Every structure is written in structure tokens, then in C-alpha cells.
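Everything on this sheet refers to the single structure shown next.
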Protein chains: 2
Amino acid sequence: MLSRKAQYAFRALTHLVEKYDQGPVLISEISKKKKIPLKFLENILLELKKAGILESKKGKGGGYYIKNHPSKTHMANIIRIVDGPIAMLPCVSLYFYERCKNCNEEFCALHDTMIAVRDATLGILEHRTLQDLTIPR
Amino acid sequence: MLSRKAQYAFRALTHLVEKYDQGPVLISEISKKKKIPLKFLENILLELKKAGILESKKGKGGGYYIKNHPSKTHMANIIRIVDGPIAMLPCVSLYFYERCKNCNEEFCALHDTMIAVRDATLGILEHRTLQDLTIPR
DNA sequence: CAATACCCTACCAAACAAGTGGACTTCATT
DNA sequence: AATGAAGTCCACTTGTTTGGTAGGGTATTG
């Protein structure tokens, strides 16, 4: 399951996509419009900025805005930044790989199943972008 | 990510599949062979029993064993018992459905993406069974 | 100077991982 | 039958991590 933090991140990003190319947006505006706790949102946006997704401007007339075109950032990327690994096991993660203990000595039966799950999931999340967040079905 | 508990569960089940139809297996034997903390494993097995996956026999000569044929139990089922929802959002979960707050008023952009992810994931996990745990590839 | 992002610390609650102690059940031996 | 060892069963406790909240102070810009 996505953490609430990740869900907030997507909600905030949705707002920022709608305001794309209209200058910086106040944290407080996003917080109000999307009903996200202000201080919590502050941390999330900062994290997204440090990860290169957002840009910010300080002082009067400042705020947050999306760095690159929304179609350039994939949903999978956002999840990795906020929640970490997408894969179900560390030993099948592409970006957060860790060798399983007891996974070499004994035959790791889950391994190939979880690779299949990962590929199926990424097949979707790597092809949807921030722009899709505002496209109604 | 799967919790360590779920990983333990799969490791333990792998052992039980190997010993299927050979009578009850001791918790202590599984704990030793698969390097799982004994008392923790005790709780996991009990949970799997209550969920109808395992059967147990008390007293001397007792132990745990798989209730139905290993090909009858899907991996998705095990994950749901131990870790809960497989879906990434409560509002797209089949077995743990919950209505999202702010998902009705505003357009929930993630919804259909997460349904796609869920279906892709279940397409795999609903077709792999405990028996697959012991089939080397 | 005022508005705003940035940053730091502390705090609370829940979940997770693991361990403890003991009650209850079954079986084999005598 | 009585006994004791071998087992599961189960309610607690403990320590750690994580998710989320709250407040205040600093730096930067118009």
C-alpha cells in the first residue's frame, strides 16, 4: 500500500500540474485546496524538490512549481522518492537492491514470481506521468 | 514491500510443502532449518492456521502441516492473510476496500492507474500457488 | 519590512519484530 | 490409569521503527 504521504504527494502534484507555467504556487494554497496538513506538506514538497521534481522560489511572490514538463516525470519515480522500493522484495528491486539473507544458500522460491510482479507493475507506472494526473477518463 | 513476517511465512510454507503428506512438522524444525525466530514463527503459523491454510496437531508427535493440496492455495491469499491488502490504495482493493476521503469530491487521478497495477499484480499472484514454491526454474 | 521557503527539534501514536511465561493437549511408558 | 515429556496455544511485554503533528527560528526575496 502507498503511504498517506505518497497519496498527499500525488494530490499536491495534481494541483501543481494544473498550475503548470503559471508561476510559483504557495504551500498554503495547496494545503487548503487539497486538504493536506500544512507542515506535513512542507516536508513532502521539500523532499520532491531535493529529488529534482520541483523547483521553489523564496520570498514574496515565492512558492513551488514543477521543474520539468509534467510528461517527463513518471509516477514510478514519485513513489520511489516518497515511499522507497516498488518491488515486493529487496532482492528484486532495481533501485533499492539488497541481497536477501538465506536467499543464496537455499533456493529462493519467491524470487522469479516477484520479478514478474515487479515488471508488470513497472510496465504501468513507468508509462504514466504527472500529466496523466489531470486527464479525466 | 512484503514485511519480514510475510517473507518468513513463505519460507516456512516452502518447508511445509516439501514435507507435504509426511505428517506434522515441528515448529522448532522449521525454525532451525529456515532460520526463523522460534516464537515469532509460532505466531505466524497460528495465524495461517486460523486462516485455514494450515492444520496442526497438539501433543507428542504433533506439529503443523498444510491443510489442502499445495496447488489449491494461491500466493495472493498468503500475502492478504499476513500483510493485508495487495493493492496500492484502499479504494482499489478487492478484499480490503475502503472509500477514499477526498476521492469523490475531487477527481481521483490515481484510481484507474492503481486498478491497472492491481490487476497486473493479481494476474500473477492469483495464478501461482504454494506448489510453485518448490519448483526450481 | 513583510512574505515566504527552509530547516530543526521535539513529540505522540501506531505498527512491527521479537521475546517471555505459562496454560492446555496429546501420546507413550510404566 | 498416572505420569511426564513433547507439543501447540495464547496473552503479555518490550524495544524499535515509522507516520504524522506541532512549533519556532533562519534565510531570502520583492
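The model shown is predicted, which means the values in this text are computed figures rather than measured ones. Letters A, B, ... mirror the listed sequences (proteins, then strands); counts begin at 1.
Counting to the nearest Å, the C1' atom of D/dG23 and the CG atom of A/Asn43 are 13 Å from each other. If you take CD1 of B/Ile30 and C1' of D/dT8, they are 12 Å apart, rounded to a whole angstrom. Note: OH (B/Tyr65) to C1' (D/dT8) measures 12 Å, nearest angstrom. Separating the CE atom of B/Met1 from the P atom of D/dT17 is a distance of 16 Å, rounded to the nearest angstrom.
The side chain of B/Glu42 lies closest to D/dC9, out of C/dA17, C/dG19, D/dC9. Residue A/Lys60 has its side chain nearest to C/dA3 when only C/dA3, D/dT8, C/dA28 are considered. The B/Lys57 side chain lies nearest to C/dC27 when the options are D/dG20, C/dC27, D/dC9. Minimum atom distance to the side chain of A/Phe40 is reached by D/dG20, of the listed C/dC6, D/dG20, C/dA5. With distances taken from any side-chain atom of B/Arg4 to the nucleotides D/dT8, D/dT29, C/dA18, the minimum falls on C/dA18. When distances run from any side-chain atom of B/Pro37 to the nucleotides C/dG19, D/dC10, C/dA5, the shortest one goes to C/dG19.
Positionally, the nearest nucleotide of DNA chain D for B/Lys50 lies more toward the 5' end than for the other of B/Lys50 and A/Ala6. Along DNA chain D, the nucleotide nearest to A/Lys58 and the one nearest to B/Gly59 differ in position, and the one closer to the 5' end is contacted by B/Gly59. For the pair B/Ser3 and A/Gly63, both in contact range of DNA chain C, the more 5′-proximal nearest nucleotide belongs to A/Gly63.
Checked for salt-bridge contact, B/Lys39 and B/Glu42 meet the test: a charged N lies under 4.0 Å from a carboxylate O. A salt bridge links A/Arg80 with A/Glu126: at least one charged nitrogen is closer than 4.0 Å to a carboxylate oxygen.
Both A/Tyr20 and A/Leu16 belong to a single network of hydrophobic side chains, linked directly or stepwise wherever heavy atoms of I, L, V, M, F, W or Y lie under 4.5 Å apart. There is a path of hydrophobic side-chain contacts, each under 4.5 Å, that joins A/Leu94 to B/Met88.
Among the atoms of the strands shown, only primed sugar atoms or phosphate atoms (P, OP1, OP2) are found under 4.0 Å from some heavy atom of B/Ile27. Looking at heavy-atom distances under 4.0 Å, B/Leu26 makes contact with sugar-phosphate atoms alone, never a base.
The side chain of A/Lys49 places an N or O atom within less than 4.0 Å of a non-bridging phosphate oxygen (OP1 or OP2) of C/dC6. Phosphate proximity of C/dA18 to B/Tyr8: present, with a side-chain N or O under 4.0 Å from OP1 or OP2.
For a distance-only test at 3.5 Å, the side chain of B/Lys39 qualifies as a donor-acceptor partner of the base of C/dG21.
A donor-acceptor contact shorter than 3.5 Å links the side chain of A/Asp83 to the backbone of A/Ser3.
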